[in-house]
Structures are given as C-alpha cells and as structure tokens.
Amino acid sequence: MIKAGIECNIRTYATLIDGYARRGSLEEALRLCDEMVERGLIPNTVIYNSIIHWLYTEGDVEGASSLLLDMIDKRISPDQFTYSILTKGLCRNGFVKQALEFYNDVLEKHLIEDTFSYNILINHLCRNGNLTGAKQLLCSMFVRGLIPDLVTYGTLIDGYCKEGNIESAVQVYENMIKVEEKPNLVIYNSIINGLCKEASVDVAKCLLDALQRMKLRDVITYNTLINGYCISGKFTEAFALFSEMRNVGILVNKASYNTLINFLCKTGCYQQARELMKMMILRGMAPDAITYTTLITNFSKNCSPEEVIELHDYMVLKGVIPDRQTYRAIVNPLL
DNA sequence: CCGGTGCCAC
C-alpha cells in the first residue's frame, strides 16, 4: 500500500495490530503502535481495546491495567467494548469479585447498558458454581430493561447442566422458548453434555439423531457424545461414532482424539492410547497440551520413567508445546 | 478495526 502511494489510516493499523496480537505476537503489535505514532496517527479506542484484551488473555493483568490508565491519561474514552473486555479480563484472571464490583460501578454511573458484559459475568458465576448469583444477574438484567439473548440463556443452561441440575436447565430452556428464542447449536451441545454426564447417553443419542435430520450438528456435538459413551463405558459405541463422523462429513479434531486417548488410558490400554496419538499425527494433527497431559500423567502412574521420558521427547519432536504444570510436576523430576 | 456461550487433561 505504501509503495502504491495508498495512505495507511488508523483502521489499517488497527487491523494489523489486532491480527498480530491475535496470533500471539503482542510485541509486533506494540511495535506497530509505536510506528503509527511516528507517522502521526494516534491509537484510538479500538486499538487500546484490542491490546488490552490480548494482554488479559496472556494473563498480563498489570500490563492491561497500565494500558487502561494510559488510555484514561490520554483522554481516549472507553466504550462498551472496553467494559466487556475488562469484565472478562478480571474474571478469567481470578478477579470475579472485582469484576462484579467494577460492573456495578459502571452501571450505577449509567455509563453503559450492555448484554455482553452481563453474559460474561453470568458465565463466570456459573463456572464457579454460583448458579444462584447467575440467576440473580439474569433478574437484574430484566430490572435494567436489558433483554437476555441466546448467549445469556445458553450460558445458564450450560451452567445448570454442568451442575447436574437438569430440572433448572429445562426451566431456563422453557423460559427461553416463551420469549420466542429458538435454541442454537451451542445450546443443543450443552444439553447433550448434560444428558451424558447424568448417564442418559441414550437420550443424548436420540437428540443427536434429531439434530442430524436437521443437519444441525458439528464436531463438538460428536465429541460430546463420544465422551458421554466413554463415561458410560461404552467404547464400542464411542469408536463407532468416531468413525461415523467421516461419513457425515464432519472432520474429527484434536479433542476427538484426546477424548479417546484419555479413555484408553483410563482403561489401562496405554499402548493403544499411544498408537492413537501417533495416528492423529499421521492425519496431520500435532498433539496439543491436553494430549500431552493426558498421556504423560497416565504413563507416569503406570509405566517406567524411561517410557515417560521417551513419550515426552517424541511428542515434543512432533511439535507439542508441553503443558507447563505437567512438565514441572512429572517430567522434570525424572530427568 | 475491538468484546460474550458449547467438546478433550490436570
């Protein structure tokens, strides 16, 4: 663009900066910020939002905070994106209480009314098992005149399903239907997961068949049910479903393999588990940190230290980035 | 140009 004499504007830089940050190159993103300033362009709210978001994702709460202060200092006004980014950043780094306080503060000042931030808070309360708090937040949305959307309902349904409280999940589902919201695939997947975890795999399978007829299913639907079969000890069905995916045109992913590898390990089939890991490599999928943790923890309990180290070396050679905790706790002491 | 939900481990 520069060579062609087309001027790069803030939007050009914002796109590049977010792209680099998204790919994990925060340093390059920050370098581009400097570059644009040198060219007389001032980073706007969008750019600040993007960088703050990716700093939080990396776990750099301090870096994110100082950038926020810098933003305020330079009188670049935060918007509803900023608030939701802060809400999620605080939550995911363990500051759920602060996030709630922050959000109440923002609401009291009538700065913003935003479903996104509510959804984030509800999600984190659910994950911490505080379904009562999550439900209260839903109520306070109504009080503030905010309309819950599919994500709000889906988040609560998932929360209740994970808690094993199918009755409440159904209640939320029915309320959702009343306000004319049709469930989306994400919600169906949560329900399938809930059914599997309370040992109703067969009901879950019926739901999958129904979704199949509507052509409404994806790799997560299948993975969830494969996991459900594994939980119930139905390996034949699990592997059958794994094979069936190819026929219906849904590509297996790393999670599909990881699920089966885990349950092969749990039933003592360590060599088969390792073979399946090699199979995923042959299919062009490098093992990930979860494959690594699954195999290493199970091998360390049941196989020789040499085998564990050999396994570690092999996976690293194939491109895995070892899970730090697993490496420190298990592999490192063996070296 | 930036934010929210679902599958796999510990």
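Numbers restart at 1 for each chain; the letters A, B, ... are given by sequence-line order, proteins then strands.
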- Whole-Å distance separating the OH atom of Tyr48(A) from the C1' atom of dC2(B): 14 Å
- Query: So what does Thr326(A) touch, heavy atoms closer than 4.0 Å: a base, only the sugar-phosphate, or nothing?
  - Reply: nothing
- Under 4.0 angstrom, heavy atoms only, what part of the nucleic acid is Leu185(A) near: base, sugar-phosphate, or nothing? base
- Counting any heavy atom closer than 4.0 Å, what does Ile120(A) reach on the DNA or RNA strands: base, sugar-phosphate only, or nothing? sugar-phosphate
- Parallel under 30°, tilted from 30 to 60°, perpendicular over 60°: which one fits the rings of Tyr83(A) and Phe102(A)? tilted
- Message: Counting only side-chain nitrogens and oxygens, does Lys266(A) get under 4.0 Å of the OP1 or OP2 atom of dC10(B)?
- Response: yes
- Query: Counting only N and O atoms by type, is there a donor-acceptor contact under 3.5 Å from the side chain of Ser304(A) to the main-chain atoms of Glu307(A)?
  - Reply: yes
- Task: Report the nucleotide, chosen from dC1(B), dC8(B), dC7(B), that has the shortest atom-to-atom distance to any side-chain atom of Arg11(A).
- Result: dC1(B)
- Return yes if some donor-acceptor pair links the side-chain N/O of Thr293(A) with the main-chain N/O of Ile290(A) below 3.5 Å, else return no. no
- Item | Rounded distance (Å) that lies between atom C1' of dC7(B) and atom CZ of Arg127(A) | 13 Å
- Short side-chain N/O contact from Asn193(A) to OP1 or OP2 of dC7(B), under 4.0 Å: yes
- Taking only N and O in the side chain of Lys197(A), is any of them less than 4.0 Å away from OP1 or OP2 of dC8(B)? yes
- Query: Is Thr259(A) touching bases, backbone alone, or none of the nucleic acid, heavy atoms closer than 4.0 Å?
  - Reply: sugar-phosphate
- Rounded to the nearest angstrom, tell me the gap between atom NE2 in His124(A) and atom C1' in dT5(B). 12 Å
- Can you tell me if the side-chain N/O atoms of Asn262(A) get under 4.0 Å from OP1 or OP2 in dA9(B)? yes
- Message: Are Ile120(A) and Leu125(A) linked, directly or through intermediate hydrophobic residues, by side-chain heavy-atom contacts shorter than 4.5 Å (ILVMFWY only)?
- Response: no
- Distance check: side-chain N/O of Asn258(A) vs OP1/OP2 of dA9(B), anything under 4.0 Å? no
- Message: As a test of reading the structure: which of dC1(B), dC7(B), dC2(B) is closest to the side chain of Ala14(A), going by heavy atoms?
- Response: dC1(B)
